[in-house]
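Reviewing the structure listed below.
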Number of protein chains: 2
Amino acid sequence: MTPTRRDRLLVHLTADLVILTIRAGVLHVLLVERGTVPFLGRWALPGGFLRGAETLDGTAVRELREETGLDAERFHLEQVGVYSAPDRDPRDQRIVTCSYLAIAPDLPVPTAGSDARAAVWRPVDELLDDPEGLAFDHGRILRDAVDQARAKLQFTTIATSFCPPEFTVSELREVFEAVWGVSLDRPNFHRKVTDAEGFLAPTGRRRASAGGRPAALFRAGSATALMPPMLRPPGGSGR
Amino acid sequence: MTPTRRDRLLVHLTADLVILTIRAGVLHVLLVERGTVPFLGRWALPGGFLRGAETLDGTAVRELREETGLDAERFHLEQVGVYSAPDRDPRDQRIVTCSYLAIAPDLPVPTAGSDARAAVWRPVDELLDDPEGLAFDHGRILRDAVDQARAKLQFTTIATSFCPPEFTVSELREVFEAVWGVSLDRPNFHRKVTDAEGFLAPTGRRRASAGGRPAALFRAGSATALMPPMLRPPGGSGR
DNA sequence: GCAAAAGTGTTTTAGCTACACCCATGT
DNA sequence: ACATGGGTGTAGCTAAAACACTTTTGC
């Protein structure tokens, strides 16, 4: 019963990324086409192996930069879970994956990664309806990450991570509506987010309007918890 | 820039457990005395290495059973985070740890693990004030897990995991008071938890009373989300 | 002026807080 | 009877929902 050194399995570790963004009011995730077996040619979450000198968070940041071609500073990035079933990779090699939820504003160059692989934004809802559509157990990993994003939107300030550095209240409302698949009352939403301490920081500037009163521009505030929480209304697409 | 197989670091994986319970109204965590270098003789979180045929969740369940001597069925168990800094183990070996939050009722045999190591319940608050008191980065791991437990108490039904299979409303209230370090209004708490859909399931039975009206006994309900949430009042010990 | 989008006010409702009060049991 | 803890009622306050209304821009 005493453990010996032989009991210590050696494994490869990967950081796989669920990079979410909102395009045209719909929640999208970044997928890459696999260039090697197994699952050659199938769509998968981007990710990569832990290397010698880095932490796993560092692996995630590096992959994020390689896949999107942009600074990782602009992204919210957090761990979601560890996937370690022995049969999750069809080769018998033992590969354990830690998944990361990354939240990005709508990117100017959304699909061109710095490496050669094809990358594409896909609507999340289609993928959640088809769990076998992705390589490995990435359907499950995607679902877990999206669930976490939907839940955390209520109690944390991660919604601002979907927005560019400066944004309007309406743009922020569209984030909640897209992620939850609901529609929210515009006036009440405005009051609630502007009243929440530390959620939004006014810039004093206004957005040039295309017909209509110009909207005030905000930056993300310093708070990480959203108090009082923005409770998700019943109904909607997710959950 | 193309990754080669040599970039794939091989690591050992451990599941380390933050086992929380409430004893005499105070939040406690289970610690074990280390029997080997490094940190020989120091207090640490229980944990163990991933073995060949199991998942990491399986490792956590196995360790939980070995440390507490009880069935893992009665515990809430969830992943918290992955700790992968290259220097977190003083030997240069690369050991990556996934931490688990386990929530247990006050155990009849709290300290006797099935293996030879000394185990002890320690109040959480003392340990959080002294981050160097534990081996490795276990002070940090403990803090992250306790923060997660304190936050999730608001929005999920994990509080019932601190209670025995059948429990009274007052026992449940003492859980919230101990974890948050606050005191809650007894009548309002009663209404709130009994009104929350799926939180408590009445058994019809009553607890034999030691002076006073016998309290109704409940079991944990089927819901995992607590709606409406039990918002943590300002003040208290944690956070 | 008119359309469009932003932002504010107002009424109603629901939930929460504080605390008084009643209930059921042991001694 | 009375002490002890369990449970309910209620008045006042605060937050949220629903929706009417005003403001500021482009055309």
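All chains are named by letter (A, B, ...) in the order of the sequence lines, taking the proteins before the strands, and each is independently numbered beginning at 1.
- Counting to the nearest Å, the P atom of C:dA5 and the CD atom of A:E171 are 13 Å from each other.
- Counting only heavy atoms from C-beta on, B:D185 has its side chain closest to C:dC19 among C:dG7, C:dC19, D:dT8.
- Listed nucleotides: C:dT8, D:dA16, C:dA18. Nearest to the side chain of A:P187: C:dT8.
- Pairs of residues two or more places apart, or lying in two chains, that qualify as ring pair (Phe, Tyr, Trp, His ring centres under 6.0 Å) and include a residue from residues 136-159 of chain B are A:F155-B:F155, B:F39-B:F136, B:F136-B:H138.
- A:Y100 and A:D57 are linked by a side-chain donor-acceptor pair at a separation below 3.5 angstrom, with hydrogens and angles left out of the test.
- Protein atom CE of B:M230 is 12 Å distant from nucleotide atom C1' of C:dC16, rounded to whole Å.
- Atom CD of A:E197 has 12 or fewer neighbouring heavy atoms from other residues, nucleotides or ligands inside a 6.0 Å radius.
- For the segment residues 212-223 of chain B, the set of residues with a heavy atom within less than 4.0 Å of an atom of DNA chain C comprises B:G212, B:R213, B:P214, in numerical order.
- Panel note: side chain B:Q154, backbone B:R232; a donor-acceptor pair is recorded below 3.5 Å.
- With hydrogens and angles disregarded, a donor-acceptor distance shorter than 3.5 Å links the side chain of B:T21 to the backbone of B:P105.
- Contact of B:R207 with D:dG5 (side chain to base): no donor-acceptor pair of N or O atoms is detected under 3.5 Å.
- The nearest whole Å value for the distance from the CG atom in B:D195 to the C1' atom in D:dG9 is 14 Å.
- Contact annotation for A:S170: backbone-only contact, meaning every heavy-atom pair under 4.0 Å involves sugar-phosphate atoms and none involves a base.
- The separation between A:E197 atom CD and D:dA15 atom C1' is 16 Å, rounded to whole Å.
- For the pair B:L172 CG and D:dG7 C1', the computed distance is 15 Å after rounding to whole Å.
- If you check distances only, the side chain of B:R186 does reach the base of D:dG7 with a donor-acceptor pair under 3.5 Å.
- Of the residues near DNA chain D, A:N188 and A:R206, the one whose nearest nucleotide (by heavy atom distance) lies more toward the 5' end is A:N188.
- One finds no salt bridge joining A:E33 and A:R42 here, because no Lys/Arg side-chain nitrogen approaches an Asp/Glu carboxylate oxygen to under 4.0 Å.
- For the pair A:E174 CD and C:dA6 C1', the interatomic distance rounds to 13 Å; values are reported in whole Å.
- Rounded to whole Å, atom P of D:dT8 lies 14 Å from atom CZ of B:F189.
- Side-chain N/O atoms of B:Q79 and A:Q79 include no donor and acceptor closer than 3.5 Å.
- In this entry the distance linking NZ of A:K192 with C1' of D:dA15 reads 8 Å, nearest Å.
- For the pair B:H190 and D:dT8, the criterion of a side-chain N or O lying under 4.0 Å from OP1 or OP2 is met.
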